[in-house]
Amino acid sequence: MRNRTGFFAVVLLLAFACTPSANAQQNPGNTPGHAWWQHAVIYEVYPRSFDDSNGDGIGDLNGITSKLDYLKDLGVDAIWITPCFPSPQVDFGYDVSDYVNIDPMYGTLADFDRLVAEAKKRNIRVILDFVVNHTSDQHPWFVDSKSSRTSAHRDWYIWRDGKGPGQPPNNWLSTFGLSAWKFDPTTNQYYYHYFYPEQPDLNWRNPEVEKAMFDVTRFWYKRGVAGFRLDAVDSLFEDPNLTDNPVLPGKDKFGRPNMEEKYDKKLPEVHVELQRLRKVADEYDAVLIGETWTSNVAELEQYYGNNGNELQLPMDLMLTDLPLSAAAFREHIKAVDAARGWPTYVITNHDIQRSYSRYADGVHNDDIAKMMAGFYLTLRGTSIMYYGEEIGMENNDPKRKEDVKDPIGILGWPEEKGRDGERTPMQWNGSTNAGFTTGKPWLPVPESAKTHNVAAESGNPNSVLSFYKQVIHLRKTEPALLEGAYIPLNESDPNVISYLRKSKDGAVLVVLNFSAKPQNATFDLGTRGFAGAKVKALLQNAASVPGGTLQNVKLGAYGVYIGRVTQ
Ligand code: GLC
Ligand code: CA
């Protein structure tokens, strides 16, 4: 298998020899001339929660613009802003009612243009979120679609007759609870919604939908947007025959029967459409990031396209699901690194528990946060951070059902508390409401904002924030960290993950203790071309290497050591 992969890599390399970005993508290990996004640290901004410039308790675009210097200083190369388009906000922006404007609560198109221009001055690119699977039920397309069976936009969505009175067309379920079908009495048919009923799925089999949506991307590319994060791509197509999904044993968190999502997700048509979307992106040299919930590496690989012609950056969201175990992470990274395409690592986002809380052991929380930063920001690939991760923000889950804002948390309480906890305001300082707003924030800040905030951590060289700044800085200054191959070391160590990043310019050694017990690691790099080498510390936490000898790397609980290999 490995040889076959190698053979294809060589053939592709020759085929793309005159296009540097394709070349880099097929053989990313040691290739100079990478595309910008291969070196980037991308920072996800949830606009409601980043900074509120006008005191209404909700973050906005001018708030983001006012924090660009902070992001620049952190070392961010691009920001991905989750949906800031006009929206009834049922799903906090993921229900778009106009794709080519800005929601007044976030500002205006002029504010957006200013944000892009100010970001550009700081060499920060702006990436938007493209909600491809569905619109809001308030979008004029849907309003027209539901008005009659013969309306111009009827076939822009998925309408079907029920099986019988009160019976939906089939057994498909919405991922947000209840059925995926909603009956509409105006025309006596059901429409399909994989998410909330207020988010009807678009019919991508209709060429008019495709054209309209492609034009949306052009509108933003022309305004200077560097690319899109594509929302919910897995659910873009459904089986046109509406075959029932197979029912599995047991119940889900909403008390419904478990189902294999065989006919409503990950259909082969998704890949064809992504290739077409990519062609439009290529007209503008834009990057496409995917919200790709894959269940294995082979599936992730498919999202790059057979010739690198789909997504440049399908997110490895499997990484967010691993236990804090050296063996689990080592095995996973090895597989992703060996796969086709440029890895895209992410440890948290606006839909899942914050990484700080997920990995916390109650004793070494900050050390664990630093170790994870030292880990995923030194791997070969692009890293996507979530706002607040760099200061060790924790989840602040609602304590009472009546406080929940996210509808899935209301429906699924108490088992499913919704996603409010990972969306609380960015913690800028130790004042009331963490300096996010002068008004009442839309979600409350946790007690820990007193210690974990930008102002306090900026002044502390040992803070999580200082560690993030340093590791991001290293990514930019150590060529091996950007371009070098990933070479796992000491692969049978049950507690410590170690690897080299090795390029023609040298090598960087990364050693991470994934346990609460002190560990020692020794390395013989003779077989790696570094006989008798020593190591010079670049960054460490709870770790030391006396005399720089590779025979004795000492790590405290969750210690991390990053050093340059020297002869
Ligand atoms: C994606 C978004 C999530 C949203 C859903 C529906 O999963 O990340 O926040 O609720 O799509 O648009
Ligand atoms: Ca505001």
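One-based numbering, in listed order, for ligands and for the atoms of each. Because the structure is a prediction, the values reported are computed rather than measured.
- The protein atom (non-hydrogen) at minimum distance from atom 11 (O) of ligand 1 is Asp231 OD1, 2.8 Å.
- Atoms of ligand 1 lying under 4.0 Å from any heavy atom of Arg423, numbered from 1 in the order shown and given with element: 9 (O).
- Of the polar atoms of Trp293, none of the N or O atoms is found under 3.5 Å from an N or O of ligand 1, judged by distance alone.
- Electrostatic pairing of Glu118 and Arg122 counts as a salt bridge here, judged by a charged N lying under 4.0 Å from a carboxylate O.
- At least one test fails for Lys222 against the ring of Trp220: distance under 6.0 Å to the centre or angle within 45° of the axis.
- With a 4.0 Å heavy-atom cut-off, ligand 1 is reached by no atom of Tyr196.
- The ligand atoms of ligand 1 that sit less than 4.0 angstrom from a heavy atom of Arg419 are 3 (C), 4 (C), 9 (O), 10 (O).
- For the pairing with Trp159, the ring-ring contact (aromatic ring centres under 6.0 Å, His included) check across Phe183, Tyr191, Tyr192 returns one residue only, Tyr191.
- Residues Ile333 and Leu319 have side chains in contact (heavy-atom distance under 4.5 Å, counting atoms from C-beta outward).
- Under the 30°/60° scheme for interplanar angles, the aromatic rings of Tyr94 and His350 are found to lie parallel.
- The backbone N or O of Trp293 sits less than 3.5 Å from a side-chain atom of Lys266, completing a donor-acceptor pair.
- Proximity to His134 (heavy-atom distance under 4.0 Å) selects the following atoms of ligand 1: 6 (C), 12 (O).
- A donor-acceptor pair is defined here as one N or O able to donate and one able to accept, closer than 3.5 Å; no such pair exists between the side chain of Asn433 and the backbone of Pro441.
- Taking atom 7 (O) of ligand 1 as the reference point, the nearest protein heavy-atom neighbour is Glu291 OE2, 2.7 Å.
- Listed by number with element, the atoms of ligand 1 under 4.0 Å from a non-hydrogen atom of Asp91 are 4 (C), 5 (C), 6 (C), 10 (O), 12 (O).
- A salt bridge links Asp351 with Arg423: the closest approach of a Lys/Arg side-chain nitrogen to an acidic carboxylate oxygen falls below 4.0 angstrom.
- Summary of contacts: the protein heavy atom closest to atom 8 (O) of ligand 1 is Asp351 OD2, 2.4 Å.
- Residue contacts with ligand 1 for Glu44 are absent, since no atom lies close enough (heavy atoms, distance under 4.0 Å).
- Considering CG of Asp52 and NZ of Lys440, their distance stands at 13.0 Å, rounded to 0.5 Å.
- Residue contact check: His350 has heavy atoms under 4.0 Å from atoms 2 (C), 3 (C), 8 (O), 9 (O) of ligand 1.
- Scanning for side chain to side chain donor-acceptor pair (under 3.5 Å) contacts around Asp73 gives Lys469, with sequence neighbours left out.
- Close approach of ligand 1 to Phe176 is summarised as follows: ligand atoms under 4.0 Å from at least one heavy atom of the residue are 10 (O).
- Around the CD atom of Glu415, the shell of radius 6.0 Å holds no more than 12 heavy atoms that belong to other residues, nucleotides or ligands.
- Remark: aromatic rings of His139 and Tyr99 are close, center separation under 6.0 Å.
- Near-neighbour remark for the Ca ion (ligand 2): protein N, O or S atoms under 3.0 Å are Asp52 OD1, Asn54 OD1, Asp56 OD1, Ile58 O, Asp60 OD2; waters not counted.
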